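Only one structure is covered here, and it is reproduced in the block below.
Residue numbers begin at 1 in each chain, while the letters A, B, ... track the order of the sequences. The shown structure was predicted, so the numbers you read here are calculated from the model rather than taken from an experiment.
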Protein chains: 2
Amino acid sequence: MKKIKVHIADDHQILIDGIYAVLSSEENIEVVGSSLNGEDVLKWFASNEADILILDINMPNVDGIEVLQSFIKIGFQQKTIVLSSYDDIKLIKEVLKIGAKGFLAKKCAGENIVEAINTVYGGKQYFSESIQDKLLSTFSKEVSSMEQTSQDGSFFSSLTPRETEVLRLIAQQFNTKEIGTELHISKNTVETHRKNLINKLKVKNVVGLAIYAVKNNIV
Amino acid sequence: MKKIKVHIADDHQILIDGIYAVLSSEENIEVVGSSLNGEDVLKWFASNEADILILDINMPNVDGIEVLQSFIKIGFQQKTIVLSSYDDIKLIKEVLKIGAKGFLAKKCAGENIVEAINTVYGGKQYFSESIQDKLLSTFSKEVSSMEQTSQDGSFFSSLTPRETEVLRLIAQQFNTKEIGTELHISKNTVETHRKNLINKLKVKNVVGLAIYAVKNNIV
DNA sequence: TTGTTTCTAACGGTTTTCAGGGATATAAAA
DNA sequence: TTTTATATCCCTGAAAACCGTTAGAAACAA
């Protein structure tokens, strides 16, 4: 029997080992590799042997969104199941738009992974229950705001290196003046970066930036 | 042979299942139960059958710290291994102070759990590698600031219900005026709560509060 | 070459945060 | 009964964040 080959990417080794252990009792599934960060997943793509990629969205430096976006550019054929601690509706929409086939909240059961792998391998989409609920409850609103949705694409637009630096320092509770000193740039420049960050990430204020930073493992 | 009985508490079912799967291949370890939140762990304590509790610190509503604190009050005898996504030194010191016997970062390997369980069951302390490094690198500073350390106890002092509400709204990017409207209290009152939160949690500003909120699953 | 992105910087004005007090009422605990 | 914890409200002044806009230089791609 041909086994479904799976690659797991998550920054928590313990979760990789856990999923590995869960899948090891499945006869038709074989874990062929794993990565602890986004960079490694991108490298692994060269030796391109898995059918399914299980990809954690919240990884440091290069997160899951960026990995997916990079894959699209180079013509990725494998099917991806996205794992996430946060079942945020914007996130789900985003990853679906850029080509993920399944979405699993980390709070779902281990057996759901098996289901997800089989379903997605069979060519269908898979969502864990909590996410199905969220999708249904926001469906009515969706219809009336289709234009807005399409603009949402910029929500996860990647940050420039400098912006990421500034964001990291903001999330470390430095104020504008302190960040300026730290990076040897003017306070005004830091304010510009902060302003751009707030616009790019579509948040209200520095609190929103801090939360983005934590959820994307920047701090 | 007598098996070591283990209870797992984590708000991510997938991680529970993963750990379960990892431990199932160990002959001297038996998982006797699991909980998805802090409340359940506290209830489970009544039927008090496990030797070791594996406890995630970052759980919604009642977090691991509060669970441990409650257990101490009622004379908890079991040994606890704390699991955490964030290997924050303050956190480690805090959980050790309130009686945890081991500390595992989620980025460590699954086999480390087995090691941790055996070590802690044998009466010794266990720390995963990344945490040992952190502890060593901050050790020298510790000696010169013993007084400060003992004051740190208030770092995780529990918040009042009202403070938690305010904190949640702050982390949802509401400003002071908006929170006042939301809770039907004056803007001044919200400012007082914010001030108290910043003092209690020993952070610099609202960014610090937001990060605390995310890391403690309040948002 | 032209256009785009990134990084840098500035300015004026408004709003909000933050630190520092002080104050009152209520209810529970010691 | 006194103390403690909680929740409420108020004030001031300095600092910081926030908003809109402009703009030059360098690097890079079409």
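- Rounded to whole Å, the distance from CG on A:N196 to P on C:dC7 is 10 Å.
- Contact between the side-chain N/O atoms of B:S186 and the OP1/OP2 oxygens of D:dC10 is found at a separation under 4.0 Å.
- Nearest to the side-chain atoms of A:K195 among the listed nucleotides D:dT8, D:dG20, C:dT8 stands D:dG20.
- In terms of phosphate contacts, A:H193 brings a side-chain nitrogen or oxygen within less than 4.0 Å of OP1 or OP2 of C:dT8.
- Atom CD1 of A:I179 and atom P of D:dA16 are 12 Å apart (whole Å).
- Contact of the A:I170 side chain with the A:R194 side chain is registered, since non-hydrogen atoms from C-beta on lie closer than 4.5 Å.
- For B:T160 and D:dA7, the shortest distance from a side-chain N or O to OP1 or OP2 is below 4.0 Å.
- Here the P atom of nucleotide D:dA17 and the CG atom of A:L167 are 14 Å apart, to the nearest Å.
- If you measure from atom CD of A:E165 to atom C1' of C:dC7, you get 11 Å, rounded to the nearest angstrom.
- One atom, CZ of A:R162, and another, P of D:dA27, lie 15 Å apart when rounded to the nearest Å.
- Spacing between atom CG of B:N199 and atom P of C:dG20 amounts to 8 Å, rounded to whole angstrom units.
- Counting to the nearest Å, the P atom of D:dA17 and the CD atom of B:Q173 are 16 Å from each other.
- Between B:R168 and B:E165, no side-chain nitrogen of the basic residue sits less than 4.0 Å from a carboxylate oxygen of the acidic one, so the salt-bridge criterion is not met.
- For the pair B:K106 and B:D56, the salt-bridge criterion is met [side-chain N within less than 4.0 Å of a carboxylate O].
- Partners of A:T192 by side-chain hydrogen bond (donor to acceptor under 3.5 Å, both in side chains), not counting sequence neighbours: none found.
- No donor-acceptor contact under 3.5 angstrom links the side chains of B:S34 and B:H7, judged on distance only.
- For B:N188 and D:dC9, the CG to P distance is 8 Å, given to the nearest whole Å.
- In this structure, A:T189 reaches the C:dA9 phosphate: one of its side-chain N or O atoms is under 4.0 Å from OP1 or OP2.
- Between the side chain of A:K187 and the main chain of A:K177, no donor-acceptor pair closer than 3.5 Å is present.
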Write out a two-atom table: protein N or O, nucleotide N or O from nucleotides 13-17 of chain C, distance below 3.5 Å.
unit_1, atom_1, unit_2, atom_2, d
C:dT16, OP1, B:N175, ND2, 3.3
C:dT17, OP1, B:T176, N, 3.4
C:dT17, OP2, B:T176, N, 3.3
C:dT17, OP2, B:T176, OG1, 2.3
C:dT17, O5', B:R194, NH1, 3.4

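- B:N175 and A:N205 form no side-chain donor-acceptor contact under 3.5 Å, judged by distance and modelled atom types alone.
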